[in-house]
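What you are looking at is a predicted structure, and each value in this text was computed from that prediction instead of being measured.
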Amino acid sequence: MAIYLNDVSRTFGEYLLIPGLTTKECIPSNVNLKTPLVKHAFGETPDIELNIPFVSAIMQSVSGTELAIELARNGGLSFIFCSQPVEDQAEMVRRVKKFKAGFVISDANVKPEQTLADVIRVAKATGHSTIGVTDDGTSNGKLAGIVTSRDYRIEKDPLSMKVRDFMTPFSKLIYGQSGIPLSEANQILWEHKLNALPIIDSDGHLVYFVFRKDYDSHRNNPEELSDRTKKLLVGAGVNTRDYRVRVPALIDAGADVLCIDSSDGYSEWQKETLAWVKQQYGDKTYIGAGNVVDSEGFRYLVDAGADFIKVGIGGGSICITREQKGIGRGQATALIDVVQARDEYCRETGIYIPICSDGGLVHDYHMVLALAMGADFLMMGRYFARFDESPTKTLRISNNYVKEYWGEGSNRAQNWQRYDMGETEILKFEEGVDSYVPYAGKMKDNMAVTLGKIKATMCSCGATTIKTLQKNARITLVSSTSIVEGGAHDVILKEQNR
């Protein structure tokens with residue numbers, strides 16, 4: 001006879017938060033949304049923390065290079081999708097890591113005897129307008145000068161013109177010496193009204209560039225998620241089939257954290273993948289696992305070496321796993337069960353395992369409920385797919401602007417590895433749909449509203465940190481009629497002028 005669970009499988013929409021005492025300190029500007037991403041000894045600071053509790057889903061229609069950059073600039077992290085060739089995914093990771101780095105190793109360089117045609121070719125290939133001129137054309141050659149777009153005119157200057165004839169020569173450059181603090185380098189940029197400052201060693205070899213735009217970017221994005229060298233953080237998805245090839249390529253590209261992408265994480269394939277990564281790279285290479293919906297799945301993956309656990313099966317807006325296979329659990333119930341297992345594991349071992357709630361978020365207040373129930377951060381697909389920065393097309397349908405959004409379990413994605421059961425390399429049936437989501441504009445503007453709601457709700461609960469919210473939040477079940485009561489009712493709404 002099957003094992004029956006007595007609890008009802010519940011969703012976030014069946015709960016509300018009860019207000020707590022809002023003290024004078026509980027104002028939105030005092031709310032700190034910093035949260036752990038990877039496991040750590042309880043009471044200690046983890047190696048990787050998020051500045052906001054948001055990560056983007058491992059999906060073709062969500063986590064591309066542009067979104068990964070913008071999300072990191074705003075304090076969250078993207079997991080670049082793995083349903084693509086290894087070299088393409090690694091290149092996407094590499095582009096994120098190169099976007100902003102404080103001290104930047106120049107990957108756009110020419111020799112003095114090369115021509116304007118070579119400069120144009122290098123600028124087009126790298127996307128950089130500042131090009132180092134070194135004696136051997138490498139990133140670490142002896143610095144001879146710099147070329148920028150202001151040094152030539154494509155329309156009038158001959159393509160055969162030698163670089164040495166139009167570059168800004170070394171004798172006229174302002175530069176910094178290797179070992180200079182970034183703050184001092186930025187000060188030189190501002191004092192001399194420069195866009196780029198070359199950094200050289202004692203022998204005159206080019207070591208780095210420091211760019212004014214990077215300083216401006218950091219000032220405009222104070223929550224930016226970056227490492228000690230000012231490189232943006234980025235994650236990457238992996239599967240349980242080609243991880244022996246994919247993981248080394250992603251680590252070499254600079255991925256800061258990995259995550260196994262699967263609809264059902266409670267499997268021996270995930271255990272083998274985790275074991276291999278830890279054996280090959282040790283505990284400082286971080287990899288999350290999932291998805292699971294109960295304490296047994298949590299403990300299995302944690303014992304296998306997972307650094308965080310993803311919770312949720314069938315709750316995503318484009319996921320039809322529950323319809324197709326009858327597998328899953330209400331997201332709120334699943335999260336509550338796994339969080340209890342996490343807390344018990346922490347009491348036993350002194351190790352804290354962060355929990356990622358993946359799916360089931362319909363309204364912004366559901367995000368606060370998920371955090372209050374014990375999630376450390378939230379993985380979202382539909383939310384990010386609506387923005388300019390997602391990699392899909394913006395279309396106009398019936399006078400409405402929309403963006404394409406499809407599931408990794410759809411035929412369009414062809415991501416059979418995510419649903420791999422060790423047999424044929426084919427997607428036997430769909431577990432995701434191909435759809436549209438309403439176009440919403442820029443990520444930064446939309447997230448400002450969402451984060452404002454989260455902070456205001458936390459203040460109403462008397463909490464200024466996620467940990468305090470988890471400790472003190474009071475949550476109540478609601479009836480179907482009280483859900484109706486909670487929205488506008490018994491009135492005629494005015495039409496909004498567009």
Between [X] and [Y]: side-chain donor-acceptor atoms closer than 3.5 Å:
X	Y	value
S267	Y300	no
T464	N30	no
T240	T273	no
T229	D227	yes
D388	Y439	yes
K213	N195	no

(message) Applying side-chain hydrogen bond (donor to acceptor under 3.5 Å, both in side chains) to Q60 and S83, what does each step give before you reach the verdict?
(response) CA-CA 7 Å; Q60 295 173 9; S83 51; 2.9 Å; yes

Is it the case that the side chain of [X] and the backbone of [Y] share a donor-acceptor pair, with hydrogens and angles ignored and the cut-off at 3.5 Å?
X	Y	value
D88	Q84	no
D201	D203	yes
D151	T148	yes
N109	T134	no
N239	D261	no
Q270	G290	yes
R95	M92	no
E91	V86	no
K162	E113	yes
T285	G282	no

(request) Give every residue pair that meets the ring-ring contact (aromatic ring centres under 6.0 Å, His included) criterion with at least one member in residues 233-264, sequence neighbours excluded. (result) Y243-W276

From [X] [atom1] over to [Y] [atom2], what is the distance, rounded to the nearest 0.5 angstrom?
X	Y	atom1	atom2	answer
S78	L233	OG	CG	11.5 Å
L232	N221	CG	CG	9.5 Å
Q114	M167	CD	CE	12.0 Å
L67	S390	CG	OG	6.5 Å
K455	I52	NZ	CD1	9.0 Å
H40	I353	NE2	CD1	9.0 Å

(request) List the steps and the verdict of side-chain contact (heavy atoms from CB on, under 4.5 Å) for T130 and I146. (result) CA-CA 7 Å; T130 299; I146 290 177; 4.0 Å; yes

(request) Could you walk me through whether F211 and F209 pass the ring-ring contact (aromatic ring centres under 6.0 Å, His included) test, one step at a time? (result) CA-CA 6 Å; F211 294 100; F209 275 113; 5.7 Å; yes

(message) To check you understand the geometry: which heavy-atom pair defines the closest contact between L206 and S106, and what is its length?
(response) CD2-CB, 4.0 Å

(request) Would you name the heavy atoms of G237 and Q89 that are closest together and state the gap between them? (result)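 The pair with the smallest heavy-atom distance is O-NE2, 2.9 Å.
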
Has [X] got more than 12 heavy atoms of other residues, nucleotides or ligands less than 6.0 Å from its [atom1]?
X	atom1	answer
Y436	OH	no
K142	NZ	no
Q177	CD	yes
K403	NZ	yes

Closer than 4.0 angstrom, basic N to acidic O: yes or no for [X] and [Y]?
X	Y	value
R73	E70	yes
D118	R121	yes
K111	D136	no
R342	D376	yes
D307	K278	yes

(request) Go through the steps to decide whether L33 and N51 satisfy the test side-chain contact (heavy atoms from CB on, under 4.5 Å), and finish with yes or no. (result) CA-CA 6 Å; L33 295 177; N51 291 329; over 6 Å; no

(request) May I ask you to decide if the ring planes of F384 and F54 are parallel, tilted or perpendicular, using 30° and 60° as cut-offs? (result) perpendicular

(request) Kindly write out the residues that satisfy salt bridge (Lys or Arg N to Asp or Glu O under 4.0 Å) with D256, not counting sequence neighbours, or none if the list is empty. (result)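 Here the qualifying residues are K97.
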
(request) Only counting residues at least two apart or in another chain, list the ones meeting ring pair (Phe, Tyr, Trp, His ring centres under 6.0 Å) with Y345. (result) none

Test of ring centre spacing under 6.0 Å for [X] and [Y]:
X	Y	answer
F170	Y175	yes
F81	F79	no
F377	F308	yes

(request) Mind running side-chain hydrogen bond (donor to acceptor under 3.5 Å, both in side chains) on S160 and T115 for me, showing each step along the way? (result) CA-CA 5 Å; S160 59; T115 65; over 6 Å; no

